[in-house]
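See below for the structure under consideration.
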Amino acid sequence: MTLPVSGLPSSSSFLQPMGHYTLGKEHGLSDFALLSSSVTRVSELETRVKLQAQEIQLKDQAIASLEQKIKKLKLQRTDHPEGEKQVHEFERKCQELQKKVNDMEQFLSDYGLIWVGDEGSSEAFKQEIPLTTAGFSPNTFQPDFDLVLENLRDLNVLGGEGVSHIEFKEGAARLRPPVPVPLTLYKNGIIMFQGPFRSYQEPSTQQCLRDIMDGYFPSELQTRFPDGVTFHATDMRKVIFHEHRPWEQFPGPGQNVGCAEENLTWTSEIPGPRVSVQQFLDRLPKSVIQGGCVMDIQGPIRDQLLGPKADEKTRESLVESPLLGLMDKGSSANTVVCNLRIKSEAGDHTYRVRMLPTETIGDLWVYLSQHSVSEVSSCDLIRPFPHHVYDNNACTLQEAGLVPNASLLLRRKKPKDPEKQE
């Protein structure tokens, strides 16, 4: 307490001790609250420190166990080098597979395609639509014949239809037009080249026609015709091709099942010219090497098709006009002689004919009949390229364009149709 200066208490002096006491009491209460809050925070911090110390201890134990495992793995790698080889082998295989995937994507991009499927979509697609190996449904596939024919006309323009190319052969050159690929469209399949028949149920046939309908050349012909090819299409969509097979030959009449479409016909003949034996043999290799031995291929097949006489060498006969023998030596040196090589129908006999350009085709037939054993009168004298039949016996060799030399063939005459004769 403070005393007044004069020694007497005043009103203000009585109020000051009370106020001072009140303030001191409030200050003591605030210090106690601060002290209690500080103790509480310290206790909480101590608890957190204990928990963090426990976590650090657990993590140290985990780190120690991991370090032990790393040491063991290092020891195993040094003790077993095959593990490292397997890792390198897996990496190499992974690189090979990645390269194949890149090549496949590049192949698809060449055709303007992009692979967008994944496992989920492909599985769902398989469940919705049952497909064959090539991805087409054989039972429902039917080509759009009009679209196929229209696209074939466009492809023929791209393939060089009507454009001839220079062909060099044996020191000579000639213009050769493109040879079209024969393609016949039937109701139930196609025939390309000389066969065989290909049903629409075959995945390769579906792929071929889908390529054409998409405006592309068939992918199966890419290796054989890398620059494109022309087609000679025959529309026989109303004709059903019936393929002869031994297992279909059953006794008894056949019965049609289901309703048949109207205006449909059946055929079993493959269109186009038939391949001769020599053309077939030319497609085969002459010989192959197997087991260190050279094996003849064409010889045994020729014997099987034509008989043992096929191995005999082609005989040649010299046929000369009697007029050449009557000429003087001086005049014969300045005279042009026509040299002809005429091959028989069987191909086993060749006639080398020497005549004057003024002699006729009739004279040639007389000379051939005198030197030929077979009946020459039943044959035609033709030129293979360009094709021409020499049936005018009064025409001279000069007028026929056979001077100075030419190669001709003897072919059996075709029987005339009696209806046309009438």
Side-chain angles (χ1 to χ4, degrees), residues 104-117 122 125-126 128-163 178-245 248 258-275:
M104 293 172 65
E105 292 179 350
Q106 182 64 32
F107 174 77
L108 293 175
S109 64
D110 292 341
Y111 289 91
L113 303 176
I114 300 175
W115 176 255
V116 296
S122 62
F125 186 72
K126 289 180 181 178
E128 292 178 0
I129 304 177
L131 300 178
T132 60
T133 305
F136 305 124
S137 178
N139 297 326
T140 59
F141 180 80
Q142 188 68 20
D144 188 348
F145 292 99
D146 296 332
L147 180 60
V148 170
L149 295 174
E150 181 181 357
N151 289 349
L152 284 177
R153 287 190 289 268
D154 297 337
L155 291 175
N156 286 341
V157 176
L158 296 176
E161 184 179 19
V163 179
V179 180
V181 174
L183 176 62
T184 306
L185 304 173
Y186 291 98
K187 175 69 177 178
N188 57 335
I190 66 172
I191 291 181
M192 188 180 295
F193 297 101
Q194 303 300 326
F197 175 76
R198 299 166 57 179
S199 172
Y200 292 140
Q201 297 181 1
E202 298 179 9
S204 61
T205 307
Q206 298 180 17
Q207 181 64 47
C208 176
L209 293 177
R210 285 183 183 274
D211 290 341
I212 296 176
M213 289 190 292
D214 291 340
Y216 298 98
F217 289 100
S219 56
E220 63 184 62
L221 301 178
Q222 184 177 8
T223 304
R224 188 172 180 180
F225 304 100
D227 299 330
V229 68
T230 59
F231 294 89
H232 178 68
T234 304
D235 186 6
M236 301 185 69
R237 68 182 75 180
K238 294 186 178 181
V239 178
I240 299 176
F241 188 87
H242 179 71
E243 189 174 6
H244 288 295
R245 297 182 179 178
E248 291 182 347
C259 57
E261 298 183 14
E262 298 181 356
N263 301 326
L264 291 180
T265 58
W266 294 77
T267 184
S268 59
E269 296 182 0
I270 296 179
R274 296 183 178 272
V275 179

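Each residue takes its place number in the sequence, starting with 1.
- Take Asp235 and apply the salt bridge (Lys or Arg N to Asp or Glu O under 4.0 Å) test, not counting sequence neighbours, and it matches Arg237.
- Listed for the Asn151 side chain is a donor-acceptor partner under 3.5 Å among the backbone atoms of Ile212.
- The shortest heavy-atom contact between Phe217 and Leu158 is CZ-CB, 4.3 Å.
- Counting only residues at least two apart or on different chains, the salt bridge (Lys or Arg N to Asp or Glu O under 4.0 Å) pairs with a member in residues 212-229 are Arg198-Glu220.
- Note that the CG atom of Leu209 and the CD1 atom of Ile190 stand 5.0 Å from one another [nearest 0.5 Å].
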- Query: Where do Gln142 and Tyr200 land on the side-chain contact (heavy atoms from CB on, under 4.5 Å) test, with the steps shown first?
  - Reply: CA-CA 7 Å; Gln142 188 68 20; Tyr200 292 140; 4.3 Å; yes

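- Remark: Leu221 engages Met192, Phe193, Pro218, Phe225, Val229, Phe231 in a side-chain contact (heavy atoms from CB on, under 4.5 Å) (not counting sequence neighbours).
- Looking at Val239 and Thr184, their side chains never come closer than 4.5 Å, going by heavy atoms from C-beta outward.
- Minimum interatomic distance between Leu149 and Ala233 (heavy atoms only, all atoms of both residues): CD2-CB, 3.9 Å.
- The line from CE of Met236 to NZ of Lys187 is 14.0 Å long, rounded to the nearest 0.5 Å.
- Partners of Asp211 under the side chain to side chain donor-acceptor pair (under 3.5 Å) rule, at least two apart in sequence or in another chain, are Gln207, Ser219.
- Panel note: side chain Thr205, backbone Ser199; a donor-acceptor pair is recorded below 3.5 Å.
- Met213 meets the side-chain contact (heavy atoms from CB on, under 4.5 Å) test with Phe141, Asp144, Leu147, Val148, Arg210; sequence neighbours excluded.
- Closest non-hydrogen pair, Pro182 versus Pro180, comes out as CD-O, 3.4 Å.
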